[in-house]
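Start at 1 with the first residue, then count along the sequence. The model shown is predicted, which means the values in this text are computed figures rather than measured ones.
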Amino acid sequence: MKGIFPIERFKGVETPFYYYDTAILRETLKTINNEVSKHEGFEVHYAVKANANAKILNIISNSGLGADCVSGGEIRASLAAGFPANKIVYAGVGKSDWEINLGLEKDIFCFNVESIPELEIINELAEKQGKVAQVAFRINPNVGAHTHANITTGLAENKFGIAMEDMETVIEEAAKMKNVRFIGLHFHIGSQILEMDDFVALCNRINELQNKLEAHRIKVENINVGGGLGISYDHPNRQPIPGFAEYFDTYARHLKLRPGQKLHFELGRAVVAQCGSLITQTLYIKQGSFKQFCIVDAGMTDLIRPALYQAYHKIENISSDEPVETYDVVGPICESSDVFAKAIDINKAHRGDLIALRSAGAYGEIMASQYNCRKLPVGYTTEDFA
């Protein structure tokens with residue numbers, strides 16, 4: 001796997017660090033735009049929470065995608081990267097006043113609202129600014145997704161969204177308010193979804209809700225189905241670009257859009273995961289009673305997904321061509337959960353070897369912490385090593 005990394009140029013660079021292959025990112029964005037262009041009314045917003053590296057955001061904004069933000073900080077980062085305000089949507093179950101005011105000041109496209117109390121505050125703050133806020137209501141469709149329990153968001157037990165039975169009440173409340181305008185419905189059922197049947201179930205639920213609203217003469221301009229499309233963590237080399245064609249076609253075939261209605265997507269992981277790798281250096285090879293450990297200088301502070309979600313990342317020794325041996329790959333953090341993988345086969349490792357944790361472009365650098373007073377990892381792109 002050394003061929004995809006400029007290893008010679010990595011020499012002397014302090015580890016751990018993130019490396020982003022911008023050729024993969026640009027090809028991914030090209031594929032998204034090509035597939036979306038086949039469907040009238042489809043618009044994609046990049047979910048900034050997946051990766052807010054300024055260089056990555058700049059490339060994505062230049063591709064023409066909008067931005068999906070979940071904080072005021074993300075709104076600022078998106079604007080700084082060149083995303084137009086009229087293509088920014090702002091979601092989140094706990095928006096603070098300053099964040100709402102920022103969105104209003106910048107005239108963002110839409111607030112995805114999750115409760116009546118939130119709607120009331122947006123209306124109040126918009127009135128003070130003399131503006132009308134465009135709002136979509138995030139509906140909890142009570143649709144399950146075949147993914148990790150911690151990244152499902154569309155079940156009734158989750159904290160997100162407005163219950164389906166309250167949908168009409170909320171829309172009626174919005175109609176009474178002078179400083180908000182209802183423009184759509186928003187949904188998101190979870191992340192790292194690979195079974196299209198989950199999205200079909202969401203389409204069916206939205207179709208039911210639209211029929212119900214139309215029976216009350218309520219029309220919806222925009223439908224936002226969130227994101228959720230997964231990637232191949234097992235085969236990042238064979239499948240560097242997710243199945244966007246099948247994903248968009250699923251919605252085109254099963255969601256009954258009305259004339260003139262726009263369909264919005266909020267893709268994050270599928271856009272950036274495969275372009276990123278965490279590069280770490282081997283510190284020690286430790287022989288235990290029943291196993292051997294490859295101890296590296298990256299830890300759960302740099303990539304928390306394995307500890308938080310028991311997530312799998314393909315691990316490669318990019319410095320060695322020797323026969324494979326079996327290791328537990330672990331970090332230096334004083335926590336037993338600081339383990340990247342157990343009993344995996346990689347090329348024989350030695351002190352100083354560079355190890356790559358693949359498919360780490362999403363929820364990697366962005367979730368890094370300074371626990372144990374560690375430095376945050378730097379994120380480099382292909383251009384930095386040109």
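The aromatic rings of F385 and F17 lie tilted to each other, with the angle between the two planes from 30° to 60°. Between H39 and F248, the ring planes are tilted. Angles from 30° to 60° get that label. By the 30° and 60° cut-offs, the orientation of the rings of Y233 relative to H313 is perpendicular.
Under the ring-ring contact (aromatic ring centres under 6.0 Å, His included) criterion, F137 pairs with F182, not counting sequence neighbours. In this view, D297 and T15, T280 satisfy the side chain to side chain donor-acceptor pair (under 3.5 Å) rule, not counting sequence neighbours. Every residue meeting the side-chain contact (heavy atoms from CB on, under 4.5 Å) condition with K348, not counting sequence neighbours, appears here in chain and number order: E322, E325, Y327, H350. Partners of F244 under the ring-ring contact (aromatic ring centres under 6.0 Å, His included) rule, at least two apart in sequence or in another chain, do not exist in this structure. Taking H235 as the reference, nothing meets the ring-ring contact (aromatic ring centres under 6.0 Å, His included) condition, with sequence neighbours excluded.
Between P16 and I279, the closest side-chain pair of non-hydrogen atoms is not below 4.5 Å. Residues I193 and F199 are in side-chain contact: their nearest non-hydrogen atoms beyond the backbone lie under 4.5 Å apart.
Outside the 6.0 Å centre-distance limit, the rings of Y284 and F293 are not counted as a close aromatic pair. Aromatic rings from F109 and Y90 are positioned such that their centres are separated by 6.0 Å or more. Taking the six-membered ring for Trp and the full ring otherwise, F42 and Y251 have centroids separated by 6.0 Å or more. Taking the six-membered ring where the residue is Trp, the centroids of F83 and Y46 are separated by 6.0 Å or more.
Defined by atom type and a distance below 3.5 Å, a donor-acceptor pair is missing between the side-chain atoms of Y363 and N51. Between the side chains of Q129 and N101, at least one donor N or O sits under 3.5 Å from an acceptor N or O.
Listed by first and then second residue, the salt bridge (Lys or Arg N to Asp or Glu O under 4.0 Å) pairs involving residues 163-173 are E168-K212, E173-K176 (not counting sequence neighbours).
V272 and I88 fall within a single hydrophobic cluster, where Ile, Leu, Val, Met, Phe, Trp and Tyr side chains are chained together by heavy-atom contacts under 4.5 Å.
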